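In what follows, chains carry the letters A, B, and so on, assigned in the order in which the sequence lines appear, proteins first and then strands, with residues in each chain numbered from 1. These figures come from a predicted structure and were not determined experimentally.
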Amino acid sequence: MSSVIDMLNDKQKEAALHTEGPLLILAGAGSGKTRVITNRIAYLIDECGVNPWNILAITFTNKAAGEMRQRVDDMVGYGSDSIWVATFHSTCVRILRRYIDKIGYDTNFAIYDTDDTKTVMKGICKRLQIDTKQMHERAFLSAISRAKDEMMTAADLMLDAMGDFGATQVAKVYAEYERELKKCNALDFDDLLLKTVELFKAWPDILDLYQERFKYIMVDEYQDTNTVQFEFIRLLASKYSNICVVGDDDQSIYKFRGANIRNILDFEKVYPDAKVVKLEQNYRSTQNILDAANAVISNNAGRKDKSLWTDKGEGGNVHFRQCESSYEEAEYVVDTILKNKREGRYDYSDCAVLYRTNAQARVLEEKFILSGIPYDVVGGVNFYARREIKDILAYLKTIDNARDDLAVKRIINVPRRGIGATTINKVQEYANANDITFYEALTKAEEISSIGRSAVKLKPFVTMIQVFRSKLSYLTLEELVKDILETTEYIENMESDSTEDAQARVENIEEFINKVVAYEDEQDEDEASLSGFLEEVALVADIDSADTDSNKVLLMTLHSAKGLEFPFVFITGMEEGLFPSYMNITSDDPSELEEERRLCYVGITRAMNELTLTCARQRMIRGETQFNAPSRFIREIPPGLMDLKVPANRIRMNDGPVPVKSKPYAMSSRERSEAVKPYIASAGSRTMASVGIKTGKEMVSSGAPDYGVGDRVRHIKFGEGVVKQIDKGIRDYEVTVDFGGYGVKKMLAGFAKLKKI
DNA sequence: CGTACTAGTCTTTTT
DNA sequence: GACTAGTACG
């Protein structure tokens with residue numbers, strides 16, 4: 001019987017075969033760590049007779065979890081679905097949904113995202129009369145988040161503050177914030193981990209249950225774990241000690257959000273009997289690229305000693321190019337890609353353009369559009385954080401379970417219903433006084449004497465929500481969402497007050513409906529519940545846009561590039577003040593600069609065959625033109641590895657402005673959105689198809705309806721009616737129908753789903 | 001209560 | 001330069 005580990009090298013084998021007891025795999029960039037993990041899982045099941053049910057594999061992102069799940073499924077035949085592959089957060093949610101009542105929460109708790117917590121914080125600052133100009137909401141939130149990462153309570157912070165005014169205030173706000181979330185039966189992202197650890201500590205029998213369940217634990221990207229995540233894993237593994245962590249201290253780039261690099265550096269101290277395996281053979285890059293990466297990272301102190309090698313051969317030099325402006329830089333990137341494409345050396349999908357900040361994508365995008373190169377920007381604004389999507393989600397949350405005050409308040413006046421801040425405050429006061437939720441208070445509006453005439457406006461809102469609820473039993477989720485949009489005339493209202501980006505918003509809503517349909521298709525007939533959908537969406541940042549099969553250049557930040565590889569990589573904006581960022585240069589903490597250097601290391605090691613580093617002498621940052629010297633990271637690469645267009649000592653440092661030869665072409669925002677459209681439009685559908693999800697019925701059709709003026713049609717809610725008028729709207733046909741008893745309605749053909757009779 | 005303008009703010013990012 | 005939040009006014 002041929003073994004699953006035969007395809008591994010010696011080191012990889014050593015790691016895969018060590019199944020009992022703690023194991024640290026130090027996996028350098030491109031050393032095949034995912035392969036080791038999946039093979040190790042297969043080995044555990046096939047050769048050691050481990051029940052798949054007893055295996056837990058934890059990742060940070062949904063994307064990583066999805067990829068691992070895929071590869072495990074491919075490798076392990078029978079029983080692979082019972083392997084628990086999930087992110088930290090979704091793992092905790094699953095545990096908490098079962099047992100959180102043991103520590104005083106309701107099991108249908110809400111999960112507050114970053115936006116929600118900001119809203120909560122704003123309210124607290126107002127109530128405590130904190131001057132948010134002096135101390136920002138964001139500062140409080142990040143202080144609280146950091147405290148939670150370190151498992152510190154508000155009381156702990158208060159003790160630590162030792163009377164210091166600022167620190168005391170943070171502690172007070174923290175306590176208030178906790179009270180507020182508890183009142184709403186809500187958890188923030190940090191709480192998901194924290195409360196699970198709390199639960200495990202308070203209820204040893206529950207912990208034991210999960211220890212028995214997860215006898216073999218694997219953690220990916222271990223260098224990015226924070227203290228509470230470490231504790232979660234430690235507790236789970238403390239019975240059987242079969243814990244395997246994989247990571248690379250040189251790729252730790254999330255310190256700013258609480259990652260504790262000591263978790264990986266001190267692993268052997270916590271587990272003295274741990275076996276350590278270093279994977280140093282790189283299967284990705286040429287020797288020159290690796291040498292450049294090694295040279296840069298060797299400037300960092302306090303790392304685990306290792307150095308990557310490859311048998312891929314020397315390869316070409318690393319290219320470096322200093323440009324006059326960001327426009328010229330973008331042109332250089334575009335021209336190089338076109339030239340390579342023409343000469344048949346690299347296709348579009350072989351190339352990736354990386355940068356430090358998302359804002360840098362704009363100029364690049366403009367040039368890509370002009371040149372006609374197909375591209376995709378990865379990341380940017382979180383899909384589910386967009387206003388229109390959050391609005392619809394708030395409706396769904398309210399219908400599902402009106403305990404989420406934030407959701408109810410979000411939509412009570414969206415679209416406008418003439419319910420203002422004063423009324424909302426009065427309802428809230430009433431709710432506080434009677435210890436009921438905001439929504440419950442709404443249902444008793446007529447009892448609130450202070451509201452007066454406004455009570456009349458609240459009634460229809462409550463009725464509407466109740467009507468939606470009553471329809472839950474027979475409408476599909478898709479129908480429900482469309483019903484919400486129609487009943488509230490959401491799109492019409494949106495179009496009337498913001499014509500500029502209304503079109504993009506409508507497209508987002510359509511994409512959202514696609515997502516809903518995809519969810520329903522995934523589930524078995526009766527399984528597709530509203531709560532289930534909201535659960536899934538709460539922990540997903542973006543619609544997965546990894547469409548590697550389409551032939552496009554990918555643009556993304558260095559952070560989002562982690563874990564990916566490309567034959568040709570551009571790293572742009574290699575300038576002091578931008579990369580490394582100004583914040584980190586001026587910081588008195590030298591470890592901040594080391595994190596930037598690790599980021600540079602991550603960037604360089606994404607490249608398989610060719611790497612081009614570019615910088616601009618002149619760049620617009622935050623509406624201000626800056627003149628920056630080339631990044632220090634450039635100078636850390638031995639000149640012998642680079643092909644410099646000018647000798648190194650002739651590279652111009654920041655010696656002031658030079659007249660720009662040609663006026664940079666800048667597109668108007670309309671031109672831009674027009675030009676960008678075809679790519680965006682194709683991105684969504686392709687994503688769905690590539691994941692193998694049926695999008696169900698055809699979305700809003702741009703074709704003409706199959707009925708005309710005067711025809712009788714049927715609508716799902718209003719019944720039969722007569723078509724009065726059909727107008728070609730911005731993106732769809734607007735149909736005016738007389739429904740007799742229901743009156744005359746104007747609706748979008750795509751949403752209305754009218755049937756000719 | 002809603003709108004229109006002004007002032008201030010900007011890292012990186014996932015859940 | 002772009003976005004958002006807050007404020008002044010109708």
Asker: Nearest whole angstrom, please: distance from the P of C:dT4 to the CE of A:Met121.
Answerer: 20 Å
Asker: For the residue pair A:Asp404 and A:Tyr112, confirm or rule out a side-chain donor-acceptor distance under 3.5 Å.
Answerer: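 Distance-only check passes for A:Asp404 and A:Tyr112.
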Asker: In this structure, how many angstroms lie between the P atom of B:dT13 and the OH atom of A:Tyr384, rounded?
Answerer: 19 Å
Asker: Going by salt bridge (Lys or Arg N to Asp or Glu O under 4.0 Å), name the residues that satisfy it together with A:Arg356, two or more places apart in sequence or in a different chain.
Answerer: A:Glu596
Asker: Would you kindly give the CZ-to-C1' distance between A:Phe383 and B:dT15, to the nearest whole Å?
Answerer: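 To the nearest whole Å, that distance equals 17 Å.
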Asker: So, A:Arg417 side chain and A:Ile411 main chain: donor-acceptor pair closer than 3.5 Å or not?
Answerer: yes
Asker: Give A:Asn358 one of three labels, base, sugar-phosphate or nothing, depending on what nucleic acid heavy atoms sit under 4.0 Å from its own.
Answerer: sugar-phosphate
Asker: Taking the side chain of A:Thr557 as heavy atoms from C-beta outward, which of B:dT13, C:dA5, B:dC1 is closest to it?
Answerer: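 From the listed options, B:dT13 comes nearest.
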Asker: Starting the side chain at C-beta, find the nucleotide from C:dG6, B:dT12, B:dT13 nearest to A:Arg356.
Answerer: B:dT12
Asker: Counting any heavy atom closer than 4.0 Å, what does A:Thr114 reach on the DNA or RNA strands: base, sugar-phosphate only, or nothing?
Answerer: base
Asker: Determine whether the aromatic ring of A:Phe256 stacks with the base of B:dT12, defined as ring centroids separated by less than 5.5 Å and ring planes inclined by less than 30°.
Answerer: yes
Asker: If you only use heavy atoms from C-beta on, which nucleotide in B:dT13, C:dA2, C:dA5 is closest to the side chain of A:Ser560?
Answerer: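 Given the options B:dT13, C:dA2, C:dA5, the side chain of A:Ser560 is closest to B:dT13.
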Asker: Check every strand shown and say whether A:Ala538 touches a base, only sugar-phosphate, or nothing at a heavy-atom separation below 4.0 Å.
Answerer: nothing
Asker: For A:Leu599 and A:Lys457, take the nucleotide of DNA chain B holding the closest heavy atom to each; which residue's nucleotide lies nearer the 5' end?
Answerer: A:Lys457
Asker: Looking at B:dT15, C:dA2, C:dG6, which one has an atom nearest to any side-chain atom of A:Phe189?
Answerer: B:dT15
Asker: Could you tell me how far apart A:Glu592 (CD) and B:dT11 (P) are, to the nearest whole angstrom?
Answerer: 15 Å
Asker: Taking 4.0 Å as the cut-off, does a side-chain nitrogen or oxygen of A:Thr87 come that near to OP1 or OP2 on B:dT14?
Answerer: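 No, no such contact exists.
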Asker: Nearest whole angstrom, please: distance from the P of C:dG1 to the CD of A:Glu366.
Answerer: 11 Å
Asker: How many Å lie between CG on A:Leu187 and C1' on B:dT14, as a whole number?
Answerer: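 From A:Leu187 CG to B:dT14 C1': 17 Å.
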Asker: Nearest whole Å is fine: how far is B:dC10 P from A:Arg619 CZ?
Answerer: 21 Å
Asker: If anything within 90° of 0 is syn and all else is anti, what is B:dT12?
Answerer: anti
Asker: Which part of the nucleic acid, if any, lies within reach of A:Asn413 when heavy atoms closer than 4.0 Å are counted: base, sugar-phosphate only, or nothing?
Answerer: sugar-phosphate
Asker: Show your working on salt bridge (charged side-chain N to carboxylate O under 4.0 Å, His left out) between A:Glu329 and A:Arg619 and close with a plain yes or no.
Answerer: CA-CA 10 Å; A:Glu329 180 186 51; A:Arg619 183 184 300 273; 3.0 Å; yes
Asker: How do A:His89 and A:Thr357 order along DNA chain B: which one's closest nucleotide is nearer the 5' end?
Answerer: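 First, find each residue's nearest nucleotide; the 5'-ward one identifies A:Thr357.
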Asker: Of all residues at least two apart in sequence or in a different chain, which pass the side chain to side chain donor-acceptor pair (under 3.5 Å) check with A:Asp248?
Answerer: A:Gln251, A:Lys306
Asker: Is it true that A:Arg386 and A:Glu511 make a salt bridge, defined as a side-chain N closer than 4.0 Å to a carboxylate O?
Answerer: no
Asker: Do A:Thr117 and A:Thr114 have side-chain atoms, one donor and one acceptor, less than 3.5 Å apart?
Answerer: no
Asker: Write down the distance between CZ (A:Arg138) and P (B:dC10), rounded to a whole number of angstrom.
Answerer: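 Rounded to whole Å, this separation is 6 Å.
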Asker: In residues 247-255 of chain A, which ones come under 4.0 Å of DNA chain B, going by heavy atoms?
Answerer: A:Tyr254
Asker: Would you say the side chains of A:Asn628 and A:Glu576 form a donor-acceptor pair under 3.5 Å?
Answerer: no
Asker: Please name the residue in the list A:Asp191, A:Asp190, A:Thr227 that meets the side-chain hydrogen bond (donor to acceptor under 3.5 Å, both in side chains) test with A:Lys148.
Answerer: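 Among the candidates, only A:Asp191 passes.
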Asker: For a quick test of reading the model: is some side-chain N or O of A:Arg257 closer than 4.0 Å to OP1 or OP2 of B:dT15?
Answerer: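 The answer is no; no side-chain N or O of A:Arg257 sits under 4.0 Å from OP1 or OP2.
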Asker: Would you please confirm or rule out a distance under 4.0 Å between OP1 or OP2 of B:dC1 and any side-chain N or O of A:Thr422?
Answerer: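 So the side-chain polar atoms of A:Thr422 do come within 4.0 Å of the phosphate oxygens OP1 or OP2 of B:dC1, strictly under.
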Asker: Regarding A:Ser581, tell me which of base, sugar-phosphate or nothing describes its non-hydrogen contacts under 4.0 Å with the strands shown.
Answerer: base
Asker: Side chain of A:Met620: nearest nucleotide among C:dG6, B:dT14, C:dG1?
Answerer: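 Nearest nucleotide to the side chain: C:dG1.
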Asker: Touch check for A:Gly623, heavy atoms < 4.0 angstrom, all strands: base, sugar-phosphate only, or nothing?
Answerer: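 Here A:Gly623 touches the bases of the nucleic acid.
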